[in-house]
Number of protein chains: 2
Amino acid sequence: MRTPGSLELDVLVAVAQHDGSAYGLLVRRAVSTARGSELSVGAAYTTLSRLEAKGLLSSRSTEPLPVRGGRSRREYRLTAAGREVLAAERERAGRRWGGSPQWGQA
Amino acid sequence: MRTPGSLELDVLVAVAQHDGSAYGLLVRRAVSTARGSELSVGAAYTTLSRLEAKGLLSSRSTEPLPVRGGRSRREYRLTAAGREVLAAERERAGRRWGGSPQWGQA
DNA sequence: GGGATTTGTTCTACAATGTAGGACACATGC
DNA sequence: GCATGTGTCCTACATTGTAGAACAAATCCC
């Protein structure tokens, strides 16, 4: 499996942090916050959809909430494969940055 | 500036680790080792070239070495912008993985 | 000299990911 | 009904990832 792109990784992390109750607009907000810049709505959904197609996420539909405008959501959670990828990326980040710290601080 | 892709980041790190004496095939070897899988020659050069076009790397040509097949190399080094990007990515990785470690370990 | 071999770079084409915008759906409030 | 709030999907295009072949220039060795 090819290593996930940078946005895909952000989305995986956001889903992991809200596992089971993560949905499109929430993920968008979380990723936007993490990046410090707005992620477009379209980018969020496209990425979620691609991650599900790759088998890293699964989703189900929920009942609409009885609040103003509240409607049915698609909630995502990590699959086992998704958790493995996330763990592998975490390790990789550790190796990438953890070694000698003499480079990387402008 | 858009955040660099995953391969671009690998290449930046490889160049940083050999700053001033990093050249195409060396970078290719370093990235391949870091990833645990062979990076194609074309991918290595394409990425170096794009990073230079973005102003994160600069390059100069060297004299050929007096060894079997040794010929002129294009040696890369980080620009100030490149070092900044690297530092920013390092910080970002810290925030991404450093928070609560309850997710990310399969 | 000249082919085989080694080291190194460049070019071209295509696949995967990143991104934005608009269209669509369906709740509630009035 | 229709304005408004929440949520999703679709389409198009830009950027990045990837591989392979072509090319260049040096040494080796007959």
Side-chain angles (χ1 to χ4, degrees), chain A residues 1-12 14-15 18 21-32 34-35 37-57 59-76 85 89, chain B residues 1-12 14-15 18 21-32 34-35 37-57 59-76 85 89:
Chain A
M1 168 114 51
R2 170 169 162 177
T3 182
S6 172
L7 173 57
E8 290 185 332
L9 189 47
D10 279 337
V11 168
L12 280 178
V15 169
H18 302 89
S21 62
Y23 66 99
L25 294 184
L26 174 65
V27 166
R28 171 178 122 97
R29 279 193 293 274
V31 172
S32 296
R35 295 193 156 192
S37 69
E38 286 291 290
L39 181 69
S40 74
V41 173
Y45 283 102
T46 298
T47 305
L48 281 166
S49 167
R50 286 172 184 169
L51 287 172
E52 186 171 22
K54 292 208 278 182
L56 304 187
L57 297 179
S59 70
R60 67 186 184 88
S61 270
T62 68
E63 288 306 297
L65 271 61
V67 298
R68 178 81 152 109
R71 51 161 301 201
S72 178
R73 297 172 176 171
R74 177 166 296 277
E75 287 184 342
Y76 290 87
V85 164
E89 288 299 317
Chain B
M1 167 115 49
R2 172 168 162 179
T3 180
S6 172
L7 173 57
E8 290 185 330
L9 188 48
D10 279 337
V11 168
L12 280 178
V15 170
H18 302 88
S21 63
Y23 65 100
L25 293 185
L26 174 65
V27 166
R28 171 179 121 97
R29 278 193 294 273
V31 172
S32 296
R35 297 192 154 193
S37 68
E38 286 291 291
L39 180 69
S40 74
V41 173
Y45 282 102
T46 298
T47 305
L48 282 167
S49 167
R50 286 172 185 169
L51 287 173
E52 186 171 21
K54 292 207 279 182
L56 304 186
L57 298 180
S59 71
R60 66 183 185 91
S61 269
T62 68
E63 289 306 297
L65 272 61
V67 298
R68 176 83 150 111
R71 48 163 298 199
S72 177
R73 297 174 175 169
R74 176 166 297 276
E75 287 183 342
Y76 290 88
V85 164
E89 287 299 317

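Bear in mind the structure is a predicted one, so any value in this text is a computation, not a measurement. Throughout, a chain's letter reflects where its sequence line sits, starting with A, and its residues are numbered from 1.
Residue B:Arg2 has its side chain nearest to D:dT16 when only C:dG8, D:dT16, D:dA19 are considered. Closest contact between the side chain of B:Leu7 and the listed nucleotides C:dT10, D:dG17, C:dT19 involves D:dG17. Taking only side-chain atoms of B:Arg71, from C-beta outward, the nucleotide of D:dC9, D:dA19, D:dA24 with the closest atom is D:dA24. For B:Arg68, the listed nucleotide lying nearest its side chain is C:dT5; candidates were C:dT5, D:dC9, D:dT11. Of the listed nucleotides (C:dT17, D:dA24, D:dA19), D:dA19 has the atom at the smallest distance from the side chain of B:Thr46. For A:Tyr45, the listed nucleotide lying nearest its side chain is D:dG7; candidates were D:dG17, D:dT18, D:dG7.
The base of C:dG18 sits within donor-acceptor range of the side chain of A:Arg50, with an N or O pair under 3.5 Å.
The heavy-atom pair separating A:Ser21 from A:Leu26 by the smallest distance is O-CD2, 3.6 Å.
Between A:Tyr23 and D:dT8 there is no side-chain polar atom (N or O) within less than 4.0 angstrom of OP1 or OP2. Taking side-chain N and O atoms only, A:Arg28 has no distance below 4.0 Å to OP1 or OP2 of D:dT8.
With DNA chain C read from its 5' end, the first of the two nearest nucleotides for A:Arg35 and A:Leu65 is the one closest to A:Arg35.
Rounded to whole Å, atom C1' of D:dT8 lies 16 Å from atom CZ of A:Arg60. The interatomic distance linking B:Leu26 (CG) with C:dT6 (C1') rounds to 17 Å, in whole Å. With rounding to whole Å, A:Leu12 atom CG is found 10 Å from C:dG18 atom P. Here the C1' atom of nucleotide C:dT17 and the NZ atom of A:Lys54 are 8 Å apart, to the nearest Å. To the nearest angstrom, P of D:dA19 lies 7 Å from CG of B:Leu39. Between the CG atom of B:Leu25 and the C1' atom of D:dA24 there is a distance of 13 Å, rounded to whole Å. Distance B:Glu52 CD to D:dT16 C1': 17 Å, rounded to the nearest Å. Rounded to a whole Å, the CG atom of B:Leu9 is 20 Å from the P atom of D:dT15.
Residue B:Gly42 is in base contact, counting any heavy-atom pair closer than 4.0 Å across all strands shown. When heavy atoms are screened at a 4.0 angstrom cut-off, B:Val67 is found touching the sugar-phosphate backbone but no base atom.
Using a 4.5 Å cut-off on side-chain heavy atoms (C-beta onward), A:Leu7 and A:Leu39 make contact. Under the 4.5 Å side-chain criterion, counting only non-hydrogen atoms from C-beta, A:Val85 is not in contact with A:Leu9.
Under a 3.5 Å cut-off, the side chain of B:Thr46 and the backbone N or O of B:Gly42 do form a donor-acceptor pair. Side-chain atoms of A:Ser72 come within 3.5 Å of backbone atoms of A:Thr62 as a donor-acceptor pair (strictly under, hydrogens ignored).
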